[in-house]
**Student:** 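If you scroll down you'll find the structure; I have some questions about it.
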Amino acid sequence: MATHHTLPGDDPWTVAVIGSGPRGLGVLERMVLRLAQSPPSVPVVIHLVDEVEVGCGRVWRTDQPAYLLMNTVADEISMFSGSPEPGERSRPGAGPSLAQWWQHHATGFPGPNSYAPRALYGRYLHFVLDSIEASLPDRVTLIRRQQRVTRLRGGGAKGYRLELGDGSCLAAHRVVLATGHAQPSLTGQSLDLREFASRRPHLRYVPAGPAAEMPLDELPGGSAVGIIGLGLTFYDVMAALTVGRGGQFTETTDGELRYRPSGDEPRMFAGSRSSLLMPGRGANHKPLDQVYCPVIFTEQRVELLKAGPRLDFVRDIFPWLRAEMDLVSTLAHNRLDVGLAQRKRFVCAAAIEAKHTCPDIAVLAELHGLVPMPAPDLDTLAQPFGRRTFADQEDFHRSLREVIEADLREANLGNVASPRKAALDVLRDVRWLICALVDFATLTPSSHERDFLGWYAQRSAFLVSGPPRIRLRQAIALIDSGLLTVLGPDTRFTTDATRDSFVGRSDSVEGARVLVETVIDARVPPTDVRLDGSPMMADLYVRGVIQPHRNIWKPPNGPEEGFETGGVAVTHAPYHPLSATGEADWGICVLGIPTEHTRWFMTVGGRRPGFWSQFDQDADDVAKSVLVRTRVTDPVPAHAGQ
């Protein structure tokens with residue numbers, strides 16, 4: 001029977017960090033660095049709790065196969081909040097990037113601009129954790145616990161009680177929730193597909209989640225498998241059902257990629273609304289120490305926008321962002337045709353005009369003797385097939401191949417020389433400025449829901465966060481081999497009770513209809529605290545300790561409007577959860593993916609070496625909060641003991 005551990009006043013100061021992926025490790029690193037710089041007056045005990053693998057968490061677990069790759073080059077990732085010090089061992093605040101560690105501590109390092117296996121990143125995260133633990137100052141203890149937290153109770157001066165999956169309990173003064181991706185409860189079409197399969201033993205439905213956790217080994221060779229979504233998880237599933245089945249990709253003398261099957265592969269039928277495979281990342285040609293400095297969409301412009309009334313994303317923000325993209329696209333297009341001095345004059349003119357109004361880059365380019373090259377339209381890039389129809393599957397595959405090969409040509413040019421990839425890289429480089437404008441309900445509710453979450457956030461993630469270029473080449477080779485069929489625009493997977501089967505089809509492609517025995521949801525699971533399948537998070541939500549963020553606004557001359565985003569509602573840094581009655585629980589901090597849609601781009605899995613980022617600032621703010629003995633004697637919030 002579980003016992004209830006209390007926290008007497010003379011006990012050590014105890015902090016529980018739930019989740020040991022990048023967010024949890026980031027907080028731990030800053031905590032230990034702060035404790036080393038300011039020795040604690042009382043003993044400190046830190047519990048690092050993770051259900052899957054302490055030290056790397058669920059997404060980066062070290063037991064996943066090497067063919068599952070990251071989508072950020074190794075040289076751009078570090079988990080130390082400072083660069084390594086020559087001759088010194090790694091410690092909090094000073095340690096190697098993933099690329100530096102890979103080169104000296106692991107085998108097969110292909111170069112800094114390579115994409116590491118996810119399992120290798122997991123090993124790097126373990127190295128970070130070991131370095132942190134080896135640097136613990138006196139009177140500080142770190143305890144690793146591979147357990148599931150089933151309930152979190154208490155609060156205020158009494159501290160918190162964590163009930164664990166093995167029936168034991170853990171007491172803590174402060175708690176950090178860095179739980180990462182959730183496994184949401186199924187609704188709508190997903191629930192219908194699962195229930196249909198549950199009554200038919202010969203069918204399978206695989207819900208959304210990491211490919212490493214999917215039961216893909218159970219799918220029979222030669223069987224028909226439907227895949228919903230063509231993003232990053234699709235590429236993982238594609239690799240698992242081909243390379244993971246013993247197949248091989250080989251390069252021909254003319255540079256083409258061919259697939260040599262093992263004979264054990266299922267037949268894949270995939271699709272999405274656009275049925276465009278997620279575009280590839282441009283080859284990185286930017287120096288590691290180079291950070292893009294916006295000329296038009298600047299920090300000063302962001303501050304001016306924030307100082308005004310509620311914003312409309314399309315009207316008030318996107319024109320400035322679009323002008324920045326046009327500027328970079330034009331510079332890339334004219335890079336070899338005009339001199340550096342001429343380009344500098346053009347940039348200076350844009351910066352001067354941007355202080356007063358959003359500049360017309362095409363007009364400025366012509367005034368300075370440059371050829372205008374507007375950035376590509378996001379909708380056209382993300383949905384290149386529009387409302388077109390296709391005579392048959394071969395007709396669609398021809399068009400799809402043309403789009404993929406065009407994207408590969410741009411990606412091979414890189415993120416400096418290709419106008420398209422350089423412009424898209426702007427969206428990546430200015431994310432922190434966009435976050436400053438959209439976090440915590442700066443937008444009107446309608447624009448937040450429709451324009452930002454429903455349009456820009458989706459387009460940006462699809463066009464900017466793509467896979468290594470090799471994945472697109474592999475997809476073309478699999479289409480050529482007949483093992484992969486991309487059904488066409490507006491692909492849908494439904495059920496057919498008369499045939500006891502799933503059905504995949506695209507009405508935009510004549511004859512694109514297939515019966516499949518398995519349906520895999522390869523989309524990113526939504527972040528929604530109302531659907532979170534974790535017993536701990538579900539219990540916190542039911543009791544009103546946490547709630548979804550609500551963007552509510554009453555315009556001066558209209559009715560109140562608003563919506564629930566699904567992300568956990570939190571205060572500004574250090575991100576205390578807000579209860580159903582609007583009270584902040586000062587002893588808990590919620591960081592990362594559970595707060596997505598309250599804040600934006602919480603999926604980031606690391607920091608860029610050599611630069612202090614929002615990732616670092618978040619981790620440090622939380623570390624400072626949980627280590628300062630403030631509010632310990634405050635009254636217990638009304639909801640804490642419920």
**Student:** Once rounded to the nearest 0.5 Å, what's the spacing between atom CD of Glu324 and atom CG of Asp429?
**Tutor:** 9.5 Å
**Student:** So, taking the atom named CD1 in Ile476 and the one named OG in Ser481, what distance separates them when rounded to the nearest 0.5 Å?
**Tutor:** 12.0 Å
**Student:** Consider only side-chain N and O atoms of Glu596 and Thr527, and report whether a donor and an acceptor are under 3.5 Å apart.
**Tutor:** no
**Student:** Are Arg144 and Asp130 ion-paired here, with the side-chain N under 4.0 Å from a carboxylate O?
**Tutor:** yes
**Student:** Show the nearest heavy-atom pair for residues Arg431 and Ser465, with the distance to one decimal.
**Tutor:** NH2-OG, 3.1 Å
**Student:** Quick check: do Pro467 and Met278 have side-chain heavy atoms less than 4.5 Å from each other?
**Tutor:** yes
**Student:** Atom OG1 of Thr491 and atom CZ of Phe493: how far apart are they, to the nearest 0.5 Å?
**Tutor:** 6.0 Å
**Student:** Taking side chain as C-beta onward, heavy atoms only, is Val175 less than 4.5 Å from Val15?
**Tutor:** no
**Student:** Measure the shortest side-chain to side-chain distance between Thr603 and Ile593 over non-hydrogen atoms and say whether it is less than 4.5 angstrom.
**Tutor:** yes
**Student:** Could you please spell out the steps behind the side-chain contact (heavy atoms from CB on, under 4.5 Å) verdict for Val243 and Gln248?
**Tutor:** CA-CA 6 Å; Val243 176; Gln248 293 182 324; over 6 Å; no
**Student:** Can you tell me if Asn415 uses its side chain to pair, donor with acceptor, with the backbone of His285 under 3.5 Å?
**Tutor:** yes
**Student:** Counting distance only, does the side-chain N/O of Arg607 pair as donor-acceptor with the main-chain N or O of Phe611 below 3.5 Å?
**Tutor:** yes
**Student:** With Arg473 as reference, evaluate Glu256, Glu251, Glu405 under the side-chain contact (heavy atoms from CB on, under 4.5 Å) test and give the passing residue.
**Tutor:** Glu251
**Student:** Side-chain contact, heavy-atom cut-off 4.5 Å: Asp521 with Ser190?
**Tutor:** yes
**Student:** Please test Tyr575 against Arg599 for side-chain hydrogen bond (donor to acceptor under 3.5 Å, both in side chains), starting from the C-alpha separation and ending with a verdict.
**Tutor:** CA-CA 10 Å; Tyr575 313 115; Arg599 306 172 67 202; 3.1 Å; yes
**Student:** How close do Ser90 and Gly95 get, counting heavy atoms only, and between which atoms?
**Tutor:** OG-CA, 4.0 Å
**Student:** Do Pro279 and Leu463 come within less than 4.5 Å of each other through their side chains, counting heavy atoms only?
**Tutor:** yes
**Student:** Heavy-atom count around Asp63 CG within 6.0 Å, excluding the residue itself: above 12?
**Tutor:** yes
**Student:** Within a radius of less than 6.0 Å around CZ of Arg258, do more than 12 heavy atoms belonging to other residues, nucleotides or ligands occur?
**Tutor:** yes
**Student:** Is a side-chain donor-acceptor pair under 3.5 Å present for Tyr124 with Gln100?
**Tutor:** no
**Student:** For a salt bridge (charged side-chain N to carboxylate O under 4.0 Å, His left out) check, start with the C-alpha distance between Arg58 and Glu51, then their side-chain angles and the critical distance, and finish with the verdict.
**Tutor:** CA-CA 8 Å; Arg58 178 185 179 200; Glu51 178 183 359; over 6 Å; no
**Student:** For Met537 versus Pro594, what's the shortest heavy-atom pair and its separation?
**Tutor:** CE-CB, 4.3 Å
**Student:** Begin with the C-alpha distance, continue with both residues' side-chain angles, and end with the deciding distance and a verdict on side-chain contact (heavy atoms from CB on, under 4.5 Å) for Tyr235 and Leu277.
**Tutor:** CA-CA 9 Å; Tyr235 288 112; Leu277 276 71; 3.3 Å; yes
**Student:** State whether the side chain of Ser131 and the backbone N or O of Phe127 hold a donor-acceptor pair below 3.5 Å, judged by distance alone.
**Tutor:** yes
**Student:** Say whether, by atom type as modelled, one donor and one acceptor occur between the side chain of Asp439 and the main chain of Trp600 under 3.5 angstrom.
**Tutor:** yes
**Student:** Students often mix this up, so state it plainly: with edges at 30° and 60°, are the rings of Phe249 and Tyr259 parallel, tilted or perpendicular?
**Tutor:** tilted
**Student:** Testing the 3.5 Å rule here: is there a donor-acceptor pair between the side chains of Arg267 and Ser223?
**Tutor:** no
**Student:** For the residue pair Ser272 and Arg523, establish whether any side-chain heavy-atom pair is separated by less than 4.5 Å.
**Tutor:** no
**Student:** Should Leu276 and Pro384 count as side-chain neighbours, where that means a heavy-atom distance under 4.5 Å?
**Tutor:** yes
**Student:** How many angstroms lie between atom CH2 of Trp60 and atom CG of Leu68, to the nearest 0.5 angstrom?
**Tutor:** 10.5 Å
**Student:** Going by atom types alone, do Arg34 and Gln37 pair a side-chain donor with an acceptor below 3.5 Å?
**Tutor:** no
**Student:** Taking the side chain as everything from C-beta on, heavy atoms only, tell me whether Ile404 gets closer than 4.5 Å to Leu400.
**Tutor:** yes
**Student:** Would the distance check show the side chain of Tyr67 and the main-chain N or O of Thr242 forming a donor-acceptor pair, the cut-off being under 3.5 Å?
**Tutor:** no
**Student:** Can I get a per-line list of side-chain donor-acceptor pairs under 3.5 Å for residues 16-23, giving both atom names and the distance, sequence neighbours left out?
**Tutor:**
from  : atom 1 : to    : atom 2 : distance (Å)
Ser20 : OG     : Asp50 : OD2    : 2.9
Ser20 : OG     : Glu53 : O      : 3.3
Ser20 : OG     : Gly55 : N      : 2.8

**Student:** For the residue pair Ser81 and Glu29, confirm or rule out a side-chain donor-acceptor distance under 3.5 Å.
**Tutor:** yes
**Student:** List the steps and the verdict of side-chain contact (heavy atoms from CB on, under 4.5 Å) for Ile46 and Thr141.
**Tutor:** CA-CA 6 Å; Ile46 305 169; Thr141 303; over 6 Å; no
**Student:** Testing the basics here: between Arg30 and Asp620, what is the closest heavy-atom pair and its distance to 0.1 Å?
**Tutor:** NE-OD1, 3.0 Å
**Student:** Looking at Gly280, is its backbone amide N or carbonyl O close enough to the side chain of Lys421 to form a donor-acceptor pair, meaning the two atoms are under 3.5 Å apart?
**Tutor:** yes
**Student:** With side-chain contact (heavy atoms from CB on, under 4.5 Å) as the criterion, how do Val486 and Ile479 come out once you've worked through the C-alpha distance, each side chain's angles and the decisive distance to 0.1 Å?
**Tutor:** CA-CA 8 Å; Val486 181; Ile479 290 173; 4.2 Å; yes
**Student:** Tell me whether Gln617 contacts the main-chain N or O of Trp612 through its side chain, where contact means a donor paired with an acceptor under 3.5 Å.
**Tutor:** no
**Student:** Regarding Asn113 and Asp75, do their side chains bring together a donor and an acceptor under 3.5 Å, going by distance alone?
**Tutor:** no
**Student:** Just how far is it from atom CZ of Arg61 to atom CD of Glu213, taken to the nearest 0.5 Å?
**Tutor:** 5.0 Å
**Student:** Verify side-chain hydrogen bond (donor to acceptor under 3.5 Å, both in side chains) between Ser534 and Arg148, making sure each step is shown before the conclusion.
**Tutor:** CA-CA 9 Å; Ser534 157; Arg148 184 181 204 183; 5.5 Å; no
**Student:** Could you give the distance from CG (Leu257) to CG (Asp480), rounded to the nearest 0.5 Å?
**Tutor:** 9.5 Å
**Student:** Indicate whether any N or O donor in one side chain lies under 3.5 Å from an N or O acceptor in the other, for Ser613 and Asp616.
**Tutor:** yes
**Student:** Looking at Gly111, is its backbone amide N or carbonyl O close enough to the side chain of Gln103 to form a donor-acceptor pair, meaning the two atoms are under 3.5 Å apart?
**Tutor:** no
**Student:** Write down the atom of Pro12, the atom of Val45, and the distance for their closest heavy-atom approach.
**Tutor:** CB-CG2, 3.8 Å
**Student:** Any luck finding a side-chain donor-acceptor pair between Arg428 and Ser460 under 3.5 Å?
**Tutor:** no
**Student:** Could you verify whether a donor N or O on one side chain and an acceptor N or O on the other, from Asp264 and Ser262, lie under 3.5 Å apart?
**Tutor:** no
**Student:** Between Leu483 and Pro261, what is the shortest heavy-atom contact and its length?
**Tutor:** CD1-CB, 4.3 Å
